[in-house]
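The shown structure was predicted, so the numbers you read here are calculated from the model rather than taken from an experiment. Computed from heavy atoms alone, side chains included, the values below leave out hydrogens, waters and symmetry copies.
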Amino acid sequence: VDLLSDNNRIGLESADNSAAVLRVQDLLHEAGVDPKVQQMFLIYMSTGNLQMSCTKAGHPHQGARKVINATVAKLQAIA
C-alpha cells in the first residue's frame with residue numbers, strides 16, 4: 001500500500017487547502033500534464049493511495065509511480 005503521510009497530504013475536500021489545490025491545478029495545466037494524469041495526481045494528492053487514484057482516474061497501474069515522479073519534477077521546475 002502506497003500512502004502519503006498526513007503531513008504531506010492535501011485534502012481536496014478541505015476549504016483550508018482550496019488555494020493550494022487550485023495552485024496545483026494551475027501548475028498541472030501550465031506544465032501541460034495530460035488531463036488523465038492530472039486527475040490521477042489530484043486524487044493521489046488527496047488520498048495518498050496510488051492504486052486507488054489510478055483506478056479512479058482510469059490510468060494504468062503499471063508505471064504510475066514513474067508518471068507521478070515525472071509530474072512532480074515538472075511541477076518543481078515551474079513552481
For this session: List for me each residue that meets side chain to side chain contact (heavy atoms under 4.5 Å, CB included) alongside H61, sequence neighbours excluded, and say none if there are none.
Result: Q51, C54, T55
For this session: Give the minimum heavy-atom separation between T71 and F41, together with the two atoms involved.
Result: CG2-CD1, 3.7 Å
Exercise. Is it the case that one hydrophobic cluster holds both M52 and I68, taking links as side-chain heavy atoms less than 4.5 Å apart, direct or via other members?
Worked result: no
For this session: Please report the shortest heavy-atom distance between L75 and L28, naming the atom on each side.
Result: CD2-N, 3.7 Å
Problem set entry | Residue pair Q38 / V33: nearest heavy atoms and the distance that separates them | NE2-O, 2.7 Å
For this session: Give a yes or no on whether I78 and L22 share a hydrophobic cluster (residues Ile, Leu, Val, Met, Phe, Trp, Tyr; joining criterion: side-chain heavy atoms under 4.5 Å apart).
Result: no
For this session: Measure the shortest side-chain to side-chain distance between D34 and V67 over non-hydrogen atoms and say whether it is less than 4.5 angstrom.
Result: no
For this session: Could you point out which residue of M40, M45, Q39 forms a side chain to side chain contact (heavy atoms under 4.5 Å, CB included) with I43?
Result: Q39
